[in-house]
Asks: 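First the structure, which I've put down as structure tokens, then a few questions once you've had a look.
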Amino acid sequence: MCVVTHSQGGAQEDPITMELEPSPPGLEAEYRTIFTAGSLVFLQELVSAFDEEVDKILRLRISRKTHLDLSGDLPGFCEVTAPVRSDPTWRVRPVPQRLQRRHVDVGDLAPCDTQRFIQALSSPAQGLQVDFDDGNCPTYHNQIKGIYNVYRAVHNQFPNAPKISQAPVLMLRPRAWNMVEHNMMVKGKEVPGPLCDFGFLMFHCGKLLFDSESGPFFYLSKVESYMEARLWNNIFLWTEQKLGLPVGSIKATVLIENVLSAFEMEEILYELKDHSAGLNCGIWDYSASFVNKFGHRGAFLLPDRSKYVNMEKLFLRSYMDLLVQTCHRRGALATGGMAALLLPQDRDSAPYRAALANVTRLKLLEIKAGVDGFMVYDLGLIEPMQKLFQLHSQGDNQMHQLRDDLTVTPDDLLCMPVGGVTLYGLKYNIAVGILFIDAWLKGKGHFFYRGQVEDSATAEISRSQVWQWIRHQTQLEDDSRVVTRGLVTELTQEVMGELKVVTRCHTVREEQRLLTAAAMFLEVVQKRDFPEFLTTYLNLDHTFLSSQAKRHEGGAAGDMPRPKL
């Protein structure tokens with residue numbers, strides 16, 4: 001443990017002390033590059049300035065959830081902030097030229113994957129979602145490696161990649177407020193994950209990105225209210241002042257992936273007026289938030305996502321329409337979700353044509369709704385989707401589409417789709433949940449399953465639905481069996497054969513890890529109280545932490561505690 005001390009003033013003031021774990025094996029050079037004296041002092045000051053505010057907004061989340069549970073109320077458009085929504089005059093500050101055209105970004109780009117990161121930097125995409133959140137497993141190794149790779153890209157140190165001023169713009173996505181950095185403490189408290197990521201990225205890269213007219217640009221995950229947007233805005237202002245950047249230099253796209261934030265989109269834009277790069281919508285985190293907030297209520301039983309949940313359903317279509325209308329009315333960009341489908345390698349094959357047609361159909365719906373861009377995972381989708389934008393829209397963006405004819409009501413946003421639960425859907429959700437936990441135990445933030453990339457967003461909706469179906473003892477459409485703990489345990493055992501093939505289990509250790517993941521999945525879907533975030537649950541779980549500690553100490557990657565069940 002390294003202890004760093006920094007005195008902020010005279011001798012009478014208490015020093016700020018940071019406790020920092022040493023470098024993971026093999027990352028000593030990266031560690032020295034990132035954890036400099038200057039960056040550590042900057043991070044100490046950043047955390048000290050905002051740590052209490054972070055605690056407040058997390059407590060506010062708990063308070064709002066408790067109120068909804070006790071009162072039985074439903075969310076609506078806030079009366080207190082009605083003047084913000086009714087004032088037609090305000091607009092967000094225009095974004096820089098390099099953000100005006102955001103047709104296709106690469107999503108789920110974990111920057112610790114150096115090879116894919118360099119490939120994406122050399123791609124024709126408009127932007128890269130450099131993801132320290134959903135698509136990334138936040139091990140100490142991954143965070144250091146990821147920040148270091150961003151550092152190298154911004155400092156033009158990758159010999160086979162274009163200069164940062166010519167590469168796709170980096171849309172840096174720090175961890176969300178629910179995540180903490182276990183390897184670093186300030187004033188005796190673990191550091192909030194997003195402040196750790198944001199602080200190091202800004203200190204090392206912010207000024208260079210600004211000078212090259214390529215940033216600094218961010219994605220903000222899992223924002224639940226305008227108060228959280230206000231906190232981020234204050235962080236941006238503080239950082240700009242500290243680093244000598246003009247006000248408004250930092251731009252951020254807020255992901256509206258929570259049902260509560262859907263009712264506060266205008267207020268979120270208002271709080272970030274000088275720093276807004278728009279809003280983003282995505283299907284699975286948003287859908288999972290309904291279970292998070294209302295899952296114990298029978299009226300909010302979410303049907304099988306594999307059959308009944310898509311962007312054509314009223315509650316999701318209304319959410320996307322309202323996001324587009326809100327953004328364009330205020331001069332902000334509106335972006336859609338990510339195409340997770342992977343294209344087969346043979347471009348002349350029928351499966352390739354079918355996959356491309358499927359992505360094209362779904363993304364055309366978003367373009368016609370007025371979005372200014374969206375994300376893809378497969379780099380092979382970049383150019384076909386850019387051509388789709390060119391065919392069906394005009395100019396750099398669609399901000400001229402104001403959607404003034406549109407009216408979205410609270411009922412529209414809260415209307416659950418009709419449908420039941422299929423055996424296929426239940427087994428699919430079980431498989432995705434287990435595979436995600438297995439990926440985390442391997443230090444990976446995403447994985448591939450049945451031709452798609454899966455990450456924490458799909459894992460969240462998968463385990464949320466299984467929890468909710470057990471809670472409400474939902475019947476299967478196939479044979480009228482009731483979804484119970486016993487049935488889920490039985491089906492878990494059934495899918496394990498396929499999952500061993502998917503994960504390429506060749507050793508006893510690898511099989512033991514997969515069994516541990518299955519046991520952890522069963523544990524989380526059987527909880528009496530719904531764990532708010534699967535990532536938080538895992539990040540605080542002894543099994544995950546001990547597996548990473550063994551990797552940190554140089555143990556074998558497959559060394560795992562015994563399954564708990």
Asks: A side-chain contact here means heavy atoms from C-beta on lying under 4.5 Å apart; do Ile256 and Tyr319 qualify?
Replies: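 The answer is yes, as the side chains (C-beta and beyond) meet within the 4.5 Å cut-off.
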Asks: Only counting residues at least two apart or in another chain, list the ones meeting side-chain hydrogen bond (donor to acceptor under 3.5 Å, both in side chains) with Thr536.
Replies: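 For Thr536, the residues satisfying side-chain hydrogen bond (donor to acceptor under 3.5 Å, both in side chains) (neighbours in sequence not counted) are Asn178.
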Asks: Is the distance between the ring centroids of Phe42 and Trp238 under 6.0 Å?
Replies: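 Yes, close enough.
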Asks: Side chains of Pro174 and Phe218: closer than 4.5 Å at any heavy-atom pair?
Replies: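 Heavy-atom side-chain distance check passes, below 4.5 Å.
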Asks: Is the backbone of Asp274 close enough, under 3.5 Å, to the side chain of Lys251 for a donor and an acceptor to pair up by distance?
Replies: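 Such a contact is found between Lys251 side chain and Asp274 backbone.
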Asks: Would you check if Gln452 and Thr458 make a side-chain contact, meaning some heavy-atom pair closer than 4.5 Å?
Replies: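 SC-SC contact between Gln452 and Thr458 ruled out.
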Asks: Decide yes or no for Leu170 and Leu121: does some side-chain heavy atom of the first lie under 4.5 Å from some side-chain heavy atom of the second?
Replies: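 SC-SC contact between Leu170 and Leu121 confirmed.
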Asks: Just wondering, do Lys313 and Val309 contact through their side chains at under 4.5 Å, heavy atoms?
Replies: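 A side-chain contact is absent here, since even the closest heavy-atom pair is not under 4.5 Å.
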Asks: Using the side chain to side chain donor-acceptor pair (under 3.5 Å) rule, collect all pairs that involve residues 379-390, keeping only residues at least two apart or in two chains.
Replies: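 For residues 379-390: Gln126-Gln386.
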Asks: Is it true that a side-chain atom of Gln465 and a backbone atom of Leu302 form a donor plus acceptor pair closer than 3.5 Å?
Replies: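 The answer is yes, because a donor-acceptor pair under 3.5 Å joins these two groups.
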Asks: Looking at Tyr226, is its backbone amide N or carbonyl O close enough to the side chain of Glu264 to form a donor-acceptor pair, meaning the two atoms are under 3.5 Å apart?
Replies: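 Answer holds: yes.
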Asks: Return the set of residues passing side chain to side chain contact (heavy atoms under 4.5 Å, CB included) with Ser39 (not counting sequence neighbours), or none when no residue passes.
Replies: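 Per chain and number, Ser39 pairs via side chain to side chain contact (heavy atoms under 4.5 Å, CB included) with Thr36, Phe200, Phe203, His204.
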Asks: Does any donor atom in the side chain of Ser289 or Asn258 lie under 3.5 Å from an acceptor atom in the other side chain?
Replies: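 No.
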Asks: Between atom CG of Asn183 and atom SG of Cys196, what is the distance when rounded to the nearest 0.5 Å?
Replies: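 Going from CG on Asn183 over to SG on Cys196, the span is 9.0 Å.
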Asks: With sequence neighbours excluded, tell me which residues meet side chain to side chain contact (heavy atoms under 4.5 Å, CB included) with Leu27.
Replies: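 By the side chain to side chain contact (heavy atoms under 4.5 Å, CB included) rule, Leu27 matches Ser23, Pro24, Glu30, His141, Ile144, Lys145.
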Asks: Closer than 4.0 angstrom, basic N to acidic O: yes or no for Lys363 and Glu366?
Replies: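 Result for this pair is yes, salt bridge flagged.
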Asks: Provide the full list of salt bridge (Lys or Arg N to Asp or Glu O under 4.0 Å) pairs with a residue in residues 207-219, sequence neighbours left out, each pair given once.
Replies: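 Sorted pair list: Lys207-Asp211.
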Asks: Ion pair present between Glu228 and Arg61, side-chain N to carboxylate O less than 4.0 angstrom?
Replies: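 Yes, Glu228 and Arg61 are salt-bridged.
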Asks: Kindly indicate whether the side chain of Phe290, heavy atoms from C-beta on, has any atom under 4.5 Å from the side chain of Phe315.
Replies: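 Contact flag for Phe290/Phe315 side chains = yes.
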Asks: What residues, two or more places apart in sequence or in another chain, satisfy side chain to side chain contact (heavy atoms under 4.5 Å, CB included) together with Ser221?
Replies: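 Testing Ser221 for side chain to side chain contact (heavy atoms under 4.5 Å, CB included), a comparison that skips the adjacent residues, returns Asp133, Arg173, Ala176, Leu255, Glu257.
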Asks: Quick check: does any side chain N or O of Asn142 sit under 3.5 Å from a backbone N or O of Cys137, one acting as donor and the other as acceptor?
Replies: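 Checking the backbone N and O of Cys137 against the side chain of Asn142, a donor-acceptor pair under 3.5 Å is found.
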Asks: Please confirm whether the backbone N or O of Leu109 pairs with a side-chain atom of Gln129, one donor and one acceptor, at under 3.5 Å?
Replies: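 No: the side chain of Gln129 does not pair with the backbone of Leu109.
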Asks: Hey, does the side chain of Asp105 reach the backbone of Met375 with a donor-acceptor pair shorter than 3.5 angstrom?
Replies: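 Side chain of Asp105 to backbone of Met375: no pair is present.
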Asks: Do the side chains of Phe210 and Pro246 get nearer than 4.5 Å, heavy atoms only?
Replies: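 Yes, at least one pair of side-chain atoms sits under 4.5 Å.
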Asks: Could you grab the distance from atom CD1 of Ile235 to atom CZ of Phe50, nearest 0.5 Å is fine?
Replies: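 Reported value, rounded in 0.5 Å steps: 5.5 Å.
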Asks: Identify, with sequence neighbours excluded, every residue that meets side-chain hydrogen bond (donor to acceptor under 3.5 Å, both in side chains) alongside Lys163.
Replies: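 For Lys163 there are no side-chain hydrogen bond (donor to acceptor under 3.5 Å, both in side chains) partners, ignoring immediate neighbours.
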Asks: Rounded to the nearest 0.5 Å, how far does CG of Leu231 lie from CZ of Phe236?
Replies: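 The CZ atom of Phe236 sits 9.5 Å away from the CG atom of Leu231.
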Asks: When you measure from the side chain of Gln398 to the backbone N and O of Ile367, does any donor-acceptor pair fall under 3.5 Å?
Replies: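 Yes: the side chain of Gln398 pairs with the backbone of Ile367.
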Asks: Parallel, tilted or perpendicular: which describes the rings of Tyr140 and Tyr31, with under 30° parallel and over 60° perpendicular?
Replies: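 Rings of Tyr140 and Tyr31: perpendicular, over 60°.
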Asks: Check side-chain hydrogen bond (donor to acceptor under 3.5 Å, both in side chains) between Asp378 and all other residues, then give those that pass, not counting sequence neighbours.
Replies: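 Asp378 satisfies side-chain hydrogen bond (donor to acceptor under 3.5 Å, both in side chains) with no residue once adjacent residues are dropped.
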Asks: Suppose we screen for side-chain hydrogen bond (donor to acceptor under 3.5 Å, both in side chains). Which residues come up paired with Asp285, at least two apart in sequence or across chains?
Replies: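 Partners of Asp285 by the side-chain hydrogen bond (donor to acceptor under 3.5 Å, both in side chains) criterion come out as none, since no residue qualifies.
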Asks: To the nearest 0.5 Å, how far apart are CG in Asp113 and NE2 in His446?
Replies: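 NE2 of His446 is found 6.5 Å from CG of Asp113.
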Asks: Could you state the interatomic distance from OG1 (Thr139) to CG (Leu441), rounded to the nearest 0.5 Å?
Replies: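 Spacing of OG1 (Thr139) from CG (Leu441) equals 12.0 Å.
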Asks: Kindly write out the residues that satisfy side chain to side chain contact (heavy atoms under 4.5 Å, CB included) with Gln119, not counting sequence neighbours, or none if the list is empty.
Replies: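 Partners of Gln119 by the side chain to side chain contact (heavy atoms under 4.5 Å, CB included) criterion, ordered by chain and then number, come out as Gln115, Arg116, Leu379.
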Asks: Residues in ring-ring contact (aromatic ring centres under 6.0 Å, His included) with Phe448, at least two apart?
Replies: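 Partners of Phe448 by the ring-ring contact (aromatic ring centres under 6.0 Å, His included) criterion, ordered by chain and then number, come out as Tyr377.
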Asks: Hey, could you give me the CZ/CE distance between Phe132 and Met179, rounded to the nearest 0.5 Å?
Replies: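 It comes to 13.5 Å.
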Asks: Between Phe436 and Tyr449, does the ring centroid distance fall short of 6.0 Å?
Replies: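 Distance test on ring centres: not under 6.0 Å, no.
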Asks: May I ask you to decide if the ring planes of Trp232 and Phe198 are parallel, tilted or perpendicular, using 30° and 60° as cut-offs?
Replies: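 Ring orientation, 0 to 90° scale: perpendicular.
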Asks: Would you tabulate the side-chain donor-acceptor contacts of residues 151-158 under 3.5 Å, counting partners in other chains and residues two or more places apart, or write 'none'?
Replies:
residue	atom	partner	partner atom	Å
Arg152	NH2	Gln157	O	3.2
His155	ND1	Tyr151	O	2.8
Asn156	OD1	Ile164	N	2.8

